[in-house]
Enquirer: 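This is the structure I want to talk about, given as structure tokens.
Values below: all heavy atoms of this structure, side chains included; hydrogens, waters and symmetry mates excluded. Nothing fancy with the numbering, it's 1 onward along the sequence.
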Amino acid sequence: MTNTILTKERKDVKIRDVWEARKRIASIVNRTPLIQSTILSEKIGRPVYLKLENVHEVGAFKVRGAANKILSLSEEEKKRGVATFSTGNHGMAVAYVANKLGIDAVVCISNRVPKAKVDSLKRLGAQIEIVGDSQDAAGERCYELEREKGLTVIQPFDDPHVIAGQGTIGLELLEALPNLTDVIVPLSGGGLLSGIGLALKSNNRDIRVTGVSMEQSAVMYESLKVGKPVKMEESETLADSLLGGIGLDNQYTFQMVQQYMDDVVLIPEDEIAYSMAFMMDKHRIIMEGAAATGIAAVLGNKIPQQDGDIAVIISGHNVDLSILLKLIQNYTFENKG
Ligand SMILES: *Cc1c(COP(=O)(O)O)cnc(C)c1O
């Protein structure tokens with residue numbers, strides 16, 4: 001017999017939740033542009049559209065999920081504040097949304113986090129707590145704050161409100177592209193793909209959802225292969241926003257990615273680099289490595305052949321400019337003459 005009191009409450013994410021998210025976040029999250037890429041369309045012989053999630057003020061889609069989660073907290077919870085231990089796009093999004101709403105946000109970080117990141121979090125109004133020298137220590141401190149001070153830890157992907165928030169991208173795609181047949185989604189913890197997959201497939205089961213990750217440390221990919229969440233070593237990659245585990249006690253996204261993802265493509269580092277430089281050259285769009293995985297899948301013709309429109313989620317633009325400049329120099333050199 002199972003002890004129902006000890007069982008974690010788990011509620012499936014529904015398309016209704018995505019519609020509610022859209023209403024809830026409208027005051028702080030703008031609909032993003034969708035543009036056709038003529039050059040990519042010509043290259044693969046079917047229309048390719050770019051969903052520009054890089055144009056949010058924080059430079060990535062994560063503001064959607066963070067806004068939906070934080071706005072759904074009770075007044076009491078909002079008063080106590082929120083916490084996160086992400087220093088990447090999720091941490092920035094939480095800090096940004098909390099600041100807009102006048103809610104306290106604490107970001108717990110290790111002393112190894114670079115000063116540039118700490119500074120941008122501070123500029124967004126976050127309080128910084130430096131604890132220990134590992135991401136694990138920062139995470140533990142975060143949950144301590146939750147237990148002791150009642151702060152709410154905002155999960156980066158495995159949370160129904162976060163998933164529904166990311167799903168609003170799917171609604172925007174459905175409205176803009178009646179002939180959509182394929183969507184290409186960068187994949188890490190799977191909040192983005194779960195939300196978009198839910199939104200699209202609730203409307204049209206035939207739209208194919210392809211996940212894209214880097215070749216090394218693709219944790220969701222390996223987890224799906226063995227049928228349960230696994231832990232992996234992280235290796236250096238340009239797609240740093242796709243690093244990180246999916247949680248061994250994953251509640252939502254593992255199962256939703258299993259359900260909604262039709263294909264998965266892994267991209268080698270040199271193709272990520274080439275795609276970042278290509279987009280700067282041809283579209284004057286700055287993309288971070290995570291977003292470039294989707295462009296690499298198109299450039300490499302790795303989308304299962306079919307007719308109809310393809311949408312690529314340009315998930316973010318937060319890349320160190322010195323890294324981007326180096327890639328562009330190599331690219332210009334290789335493409336001379
Ligand atoms: C977080 C992130 C992703 C992956 O999103 P998940 O919900 O973790 O799968 C992709 N691209 C960028 C730029 C991100 O910040």
Side-chain angles (χ1 to χ4, degrees), residues 9-34 51-84 86 88-107 124-126 146 150-176 183 185 189-203 251-253 256-257 260 311 313-316:
E9 189 194 344
R10 188 189 177 289
K11 193 174 133 279
D12 278 340
V13 192
K14 300 265 168 37
I15 184 64
R16 238 192 101 113
D17 301 319
V18 184
W19 285 106
E20 277 169 12
R22 157 124 115 188
K23 244 200 267 167
R24 198 177 283 124
I25 68 177
S27 58
I28 36 177
V29 179
N30 293 325
R31 170 185 288 258
T32 53
L34 179 82
K51 181 64 172 162
L52 301 182
E53 291 296 307
N54 54 313
V55 305
H56 293 291
E57 201 175 340
V58 287
F61 72 89
K62 290 227 169 54
V63 68
R64 295 178 186 259
N68 192 40
K69 177 67 185 185
I70 294 175
L71 283 163
S72 69
L73 298 177
S74 69
E75 290 312 310
E76 202 41 53
E77 288 168 324
K78 285 179 186 161
K79 228 177 273 163
R80 289 197 294 261
V82 296
T84 173
S86 156
N89 288 332
H90 173 66
M92 299 279 290
V94 169
Y96 172 83
V97 171
N99 191 41
K100 283 239 149 178
L101 300 172
I103 293 170
D104 288 339
V106 179
V107 184
L124 287 170
E146 185 168 67
L151 303 194
T152 304
V153 177
I154 310 296
Q155 302 291 338
F157 52 86
D158 202 24
D159 176 285
H161 284 101
V162 170
I163 293 166
Q166 325 302 29
T168 57
I169 297 170
L171 300 181
E172 292 175 24
L173 288 177
L174 284 170
E175 288 158 350
V183 58
V185 189
L192 181 62
L193 192 142
S194 298
I196 291 177
L198 166 66
L200 295 180
K201 290 194 188 251
S202 302
N203 184 268
Q251 299 286 304
Y252 299 94
T253 59
M256 288 180 79
V257 170
Y260 294 127
I313 310 299
I314 309 300
S315 52

Enquirer: Mind checking what makes side-chain contact (heavy atoms from CB on, under 4.5 Å) contact with S202, not counting sequence neighbours?
Expert: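 Checked S202 against side-chain contact (heavy atoms from CB on, under 4.5 Å); matches are I15, L198.
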
Enquirer: By salt bridge (Lys or Arg N to Asp or Glu O under 4.0 Å), which residues pair with D159, not counting sequence neighbours?
Expert: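 By the salt bridge (Lys or Arg N to Asp or Glu O under 4.0 Å) rule, D159 matches K69.
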
Enquirer: With sequence neighbours excluded, tell me which residues meet salt bridge (Lys or Arg N to Asp or Glu O under 4.0 Å) with E20.
Expert: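 So E20 forms a salt bridge (Lys or Arg N to Asp or Glu O under 4.0 Å) with R16.
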
Enquirer: Suppose we screen for side-chain hydrogen bond (donor to acceptor under 3.5 Å, both in side chains). Which residues come up paired with N54, at least two apart in sequence or across chains?
Expert: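 With neighbours one apart ignored, the set is empty.
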
Enquirer: Side chains of residues 163-172: which donor-acceptor partners sit under 3.5 Å, not counting sequence neighbours?
Expert:
residue : atom : partner : partner atom : Å
Q166    : OE1  : G65     : N            : 2.9
T168    : OG1  : R64     : NH1          : 2.9
T168    : OG1  : G165    : O            : 2.6
E172    : OE1  : T32     : N            : 3.3
E172    : OE1  : K51     : NZ           : 2.7
E172    : OE1  : R64     : NH2          : 3.2
E172    : OE2  : R64     : NH1          : 2.9
E172    : OE2  : R64     : NH2          : 3.4

Enquirer: Using the side-chain contact (heavy atoms from CB on, under 4.5 Å) criterion, which residues pair with D158? Sequence neighbours excluded.
Expert: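 Scan of D158 (side-chain contact (heavy atoms from CB on, under 4.5 Å), adjacent residues dropped) gives N250, Q251, Y252, T253.
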
Enquirer: Who passes salt bridge (Lys or Arg N to Asp or Glu O under 4.0 Å) against R80, sequence neighbours left out?
Expert: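 Salt bridge (Lys or Arg N to Asp or Glu O under 4.0 Å) check on R80 returns E76.
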
Enquirer: Partners of S27 by side-chain hydrogen bond (donor to acceptor under 3.5 Å, both in side chains), sequence neighbours excluded?
Expert: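 Residues passing side-chain hydrogen bond (donor to acceptor under 3.5 Å, both in side chains) with S27: none at all.
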
Enquirer: Quick one: side-chain contact (heavy atoms from CB on, under 4.5 Å) partners of E75, sequence neighbours excluded?
Expert: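 Per chain and number, E75 pairs via side-chain contact (heavy atoms from CB on, under 4.5 Å) with K78.
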
Enquirer: Can you list every pair that meets salt bridge (Lys or Arg N to Asp or Glu O under 4.0 Å) and has a residue in residues 160-171, with sequence neighbours left out?
Expert: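 Listed once each, the pairs would be none.
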
Enquirer: Looking at residues at least two apart in the chain, or sitting in another chain, which of them share a side-chain hydrogen bond (donor to acceptor under 3.5 Å, both in side chains) with T84?
Expert: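 T84 satisfies side-chain hydrogen bond (donor to acceptor under 3.5 Å, both in side chains) with no other residue.
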
Enquirer: Using the test side-chain hydrogen bond (donor to acceptor under 3.5 Å, both in side chains), find all partners of E146 that sit at least two apart in sequence or belong to another chain.
Expert: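 E146 satisfies side-chain hydrogen bond (donor to acceptor under 3.5 Å, both in side chains) with no residue once adjacent residues are dropped.
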
